[in-house]
Amino acid sequence: MTSVRIPGDWPTTEGAARAIQDGLRGRVVLDEPGPPPGTGRVTGVDVAYDDERDLVAAAAVVLDGASLEVVAEATAVGRISFPYVPGLLAFREIPTVLAALDALPCPPGLVVCDGYGLAHPRRFGLASHLGVLTGLPTIGVAKNPFTFTFTAPATPRGSTAPLLAGTEEVGRALRTRDSVKPVFVSVGHRVGLANACAHTLALTPAHRLPETTRRADALCRRALREAVGADPGTDRGTDRGLPSGPGRTGDRGPRARLDPPDRP
DNA sequence: GCGACAG
DNA sequence: ATCTTGTCGC
């Protein structure tokens, strides 16, 4: 497992973080269909936190697209780089996720994120951000509709309904199991929405959530437990390789929520 | 003014 | 995200 250092120029304020999103948004590629489902590799990434100890652990798990067997995995641990702010999730997850992806012994192929891509107040969610930074095809599969609206998809697995920001379809509510609450799929980078949904279905043969995120979730939680509960005995005065970066943003009291969508 | 908002 | 026991169901 590798450790992460937060970049010295990492944003400290919400305004700076939003400005970065606005500056990078134009680099998202939306006109590529992306790799066909059931082929190549598909990688799940996820993150777990221990706010008390200021720790974050990320995992990247590579699956064979056809068999869904695990091909490779990697984890990374670091300090929390940003507080949770709706709309700015990427700044909390990206440094550690990038480190985990870098630690993989093979190319990730399509990356499946836990969260959103295009379905974002500024159309630049975690999946989009990660895609632009890595150049990899990415999609986002979220468990909640965030601030978007949708009508319930039909009962059978595979049914979809548009995820809407007003009248704009920013993603799709996709039923991955009969009669079970849908997941919310949106495009990240270099993948089309229909293909993103097809991938999500290919990754959900038995559960509501994609095998990629299930595997990554289990692995990052384990990595966090091990990073916390490790060797409480011998090496007292020694640190555990966790660098102290510029530090995270200070606590914020009750705050205003998301800014209204800036693209009417 | 209050509410509500990926993880 | 995280705090948490047993319980219903495939």
Side-chain angles (χ1 to χ4, degrees), chain A residues 14 17-18 21 44-60 77-98 100 111-131 138-150 157 163-166 170-174 176-188 196 200 204-210 212-214 216-225 227-229 248-249 251-262:
Chain A
E14 297 177 21
R18 282 190 220 97
Q21 294 181 325
V45 293
D46 194 19
V47 171
Y49 303 94
D50 183 331
D51 284 282
E52 293 290 283
R53 312 189 186 216
D54 190 32
L55 283 178
V56 51
V77 175
R79 307 192 103 86
I80 295 177
S81 56
F82 207 83
Y84 171 66
V85 178
L88 300 179
L89 177 64
F91 295 94
R92 189 168 165 79
E93 312 215 326
I94 276 186
T96 320
V97 166
L98 285 178
V111 177
V112 180
C113 299
D114 209 346
Y116 282 116
L118 229 207
H120 177 273
R122 284 169 295 283
R123 303 298 180 268
F124 195 70
L126 172 63
S128 315
H129 202 145
L130 188 63
T138 61
I139 67 173
V141 179
K143 300 182 271 309
N144 301 295
F146 200 8
T147 61
F148 305 103
T149 61
F150 69 102
R157 159 179 156 85
L163 185 63
L164 303 170
V170 294
R172 220 158 261 174
L174 170 65
T176 54
R177 298 292 288 162
D178 291 359
S179 305
V180 172
K181 173 182 175 174
V183 295
F184 304 88
V185 180
S186 61
V187 159
T200 303
T204 50
H207 298 277
R208 172 182 177 237
L209 298 178
T212 38
T213 81
R214 288 169 48 77
D217 178 78
L219 183 55
C220 69
R221 291 192 194 215
R222 184 156 62 79
L224 184 62
R225 288 200 315 265
V228 169
R248 57 195 180 120
T249 305
D251 290 297
R252 288 173 175 58
R255 64 179 302 286
R257 299 303 188 174
L258 286 181
D259 303 321
D262 53 22

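Below, chains carry the letters A, B, ... as their sequence lines are ordered, and counting in each starts from 1. Source: prediction; values computed, not measured.
Put simply, the residue from T176(A), T204(A), D178(A) that forms a side chain to side chain donor-acceptor pair (under 3.5 Å) with R157(A) is T204(A).
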Dot-bracket encoding per residue of DNA chain C, Watson-Crick/G-U cut-off under 3.5 Å, | denoting interstrand:
..........

Both distances under 3.5 Å, Watson-Crick or G-U wobble: on that basis, could you give the dot-bracket string for DNA chain B, with [ ] for crossing pairs and | for other-strand partners?
.......

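Rounded to an integer number of Å, the gap from H207(A) NE2 to dC10(C) C1' is 11 Å. Going from atom NE2 of H120(A) over to atom P of dA6(B) covers 11 Å, rounded to whole Å. Taking atom CG of L89(A) as the reference point, atom C1' of dA6(B) lies 6 Å away to the nearest angstrom. Per the geometry, CZ belonging to R53(A) stands 14 Å off C1' belonging to dT2(C), to the nearest Å. A straight line from CZ of F150(A) to P of dA6(B) spans 13 Å, rounded to a whole angstrom. One can place OH of Y84(A) at 7 Å from P of dG7(B), the figure rounded to the nearest angstrom. Between the CD1 atom of I80(A) and the C1' atom of dA1(C) there is a distance of 10 Å, given to the nearest Å. Here the C1' atom of nucleotide dT2(C) and the CZ atom of R92(A) are 10 Å apart, to the nearest Å.
OP1 or OP2 of dG7(B) has at least one side-chain nitrogen or oxygen of K143(A) nearer than 4.0 Å.
Residue contacts shown for R177(A) are absent, as no nucleic acid heavy atom lies under 4.0 Å away. Heavy atoms of Y49(A) sit under 4.0 angstrom from primed sugar atoms or phosphate atoms, though from no base atom. In this structure, A48(A) reaches the sugar-phosphate backbone alone: every heavy-atom distance under 4.0 Å involves primed, P, OP1 or OP2 atoms, never a base.
Between R214(A) and D217(A) there is no salt bridge, since no side-chain N of the basic residue sits under 4.0 Å from a carboxylate O of the acidic one. Electrostatic pairing of D46(A) and R221(A) does not count as a salt bridge here, judged by no charged N lying under 4.0 Å from a carboxylate O. Contact check on R79(A) versus D54(A) returns a salt bridge, with a Lys/Arg side-chain nitrogen under 4.0 Å from an Asp/Glu carboxylate oxygen.
Here the side chain of L126(A) is nearest to one of dG7(B), dA6(B), dT2(C), namely dA6(B).
Counting only heavy atoms from C-beta outward, the side chains of V187(A) and I139(A) never approach each other to under 4.5 Å. A 4.5 Å side-chain heavy-atom check between H129(A) and T138(A) finds every atom pair outside the cut-off. Under the 4.5 Å side-chain criterion, counting only non-hydrogen atoms from C-beta, T96(A) is not in contact with V77(A).
Within the 3.5 Å criterion, the main-chain N or O of F91(A) finds a donor-acceptor partner in the side chain of S81(A).
Ring geometry for Y116(A) against F146(A) counts as parallel: the plane angle stays under 30°, on a 0 to 90° scale with 60° as the upper cut.
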